[in-house]
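Structure first, commentary second.
In this text the structure is predicted, and so the values were computed from the model without any measurement.
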Amino acid sequence: MESSTYQYNNVTNTCLVLSDRSCEIIQATCRTVSILSMCFCLGVLLILVLFKKHKYMIHRLNMYLTTSVFFQALGFVVQDYAVVSNAVNDSYASQVCVFEAWWLFYSNWVPFMFICCITFNIIYQILSHLSTARFEKFYVMISLVLPAAVSGLPFIMNSYGPGGLWCWVIGTRDGKIFLPGVIMSFILYYGPLWILIVAMVIGQVVAMWLHYKQCKKVLLCESHTHKLQSFWCLEIKILLFLPWINIVGVAFATMNRIRLATNSQLSEEAGFFFWFMHAVTTPLHGLLYALVFVIAYSRFGVKQLKDAVLRLCTNKKAVNDYPIVSVIEGDYDNSFKSEYIEKKDDG
């Protein structure tokens, strides 16, 4: 089968939306950012494993989120606009494109659902002061099963296929706006995404207010409670960044898809800008999340990493392997459990 061609500025291209050179630049940049995100995700997972943070639920949620972001970035690494252009005439390329489109749709939803669950977990613990360990399996089920159900709906209208520079929900077909695909894209992805982002921001405003009130009372508490409260004040910092990472990741994507849905005629330079920003910011979640993680946990350094590796290799307890936080986390979990038992007995 011959590759499908596209006439752009009177030049025949295999790329469907821009010149071949522009597509190559954008694709190379997108892959580079995606690979960097994957590397940063692996770094975060390595730190969590070295310091045995998987023992605590709050960090297991971080591990689930980081793993899902890794596979999201991997979805952009395997994308190839040659497959997108050939999907029109080649049945094998069409099937590959449908799979890649589903993968992107699903892998974009999963990290976002984990962020929603983590945000809910923060607010619930602040309001109730109860252990949420019993919710962990529900968080995982919701974050994996709900996106699977949503990502299966575009198959009903055969809406997966070429979606610009990569495979996505089809926005145009035969040079015309494909209305079912546009509706699917905004009803199943961009619309709910922004509604949940706004809800999370509102919830976090409430969480920050309660967090501020609690931190003001720290000096009035006894030593043990002071340590627990200090730990919570530290943990909330990293988690409150998460919706803003999503906003960075979907802002340009939403603008670009709206532009395509309205069939706005722009110059090649303007089209290149929107696609470039779309391709750079969408797989950026892993890199941004890793930077926030490092900033929030900047109290550990080379010595702590060295001690953690030594402990892992020799199976001996190192002296300085995150000493204070590990103790506090254990006490924090136990305090939640004991408080939950007391309230359960009283009720």
What verdict does the side chain to side chain contact (heavy atoms under 4.5 Å, CB included) test give for Y289 and T66, after you've listed the backbone C-alpha separation in whole Å, the side-chain angles of each residue and the deciding distance to 0.1 Å?
CA-CA 8 Å; Y289 174 64; T66 306; 3.0 Å; yes
Would you say I123 ends up clustered with V205 if hydrophobic residues are merged whenever their side chains have heavy atoms under 4.5 Å apart, either directly or through other cluster members?
no
Between [X] and [Y] (side chain of the first, backbone of the second, donor and acceptor by atom type, cut-off under 3.5 Å), is there such a pair?
{"X": "N108", "Y": "L104", "answer": "yes"}
{"X": "T282", "Y": "A279", "answer": "no"}
{"X": "Q27", "Y": "Q79", "answer": "yes"}

Compare all side-chain heavy atoms of N246 with those of H285 and state whether any distance is below 4.5 angstrom.
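Answer yes - side chains close enough.
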Is it the case that the ring center of Y160 lies less than 6.0 angstrom away from the ring center of W103?
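Not under 6.0 Å, so no.
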With a 6.0 Å cut-off on ring centres, are F112 and W109 close enough?
yes
For M57 and T132, what are the C-alpha separation, side-chain angles and deciding distance, and is it a side chain to side chain contact (heavy atoms under 4.5 Å, CB included)?
CA-CA 8 Å; M57 175 191 166; T132 57; 3.6 Å; yes
Take Y189 and W194 through the test ring-ring contact (aromatic ring centres under 6.0 Å, His included) and record every step on the way to the result.
CA-CA 9 Å; Y189 187 71; W194 281 105; over 10 Å; no
Counting heavy atoms not belonging to Y124, are there more than 12 under 6.0 Å from its OH?
yes
Counting only heavy atoms not in Y190, do more than 12 fall under 6.0 Å of its OH?
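Yes, the 6.0 Å shell around OH holds more than 12 heavy atoms from other groups.
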Please identify each residue that fulfils ring-ring contact (aromatic ring centres under 6.0 Å, His included) with F114, with sequence neighbours left out.
Y64
Tabulate below the donor-acceptor pairs under 3.5 Å that side-chain atoms of residues 140-156 make, not counting sequence neighbours, or state none.
residue, atom, partner, partner atom, Å
S143, OG, Y139, O, 2.8
S151, OG, W102, NE1, 3.0
S151, OG, P147, O, 2.9
S151, OG, A148, O, 3.1

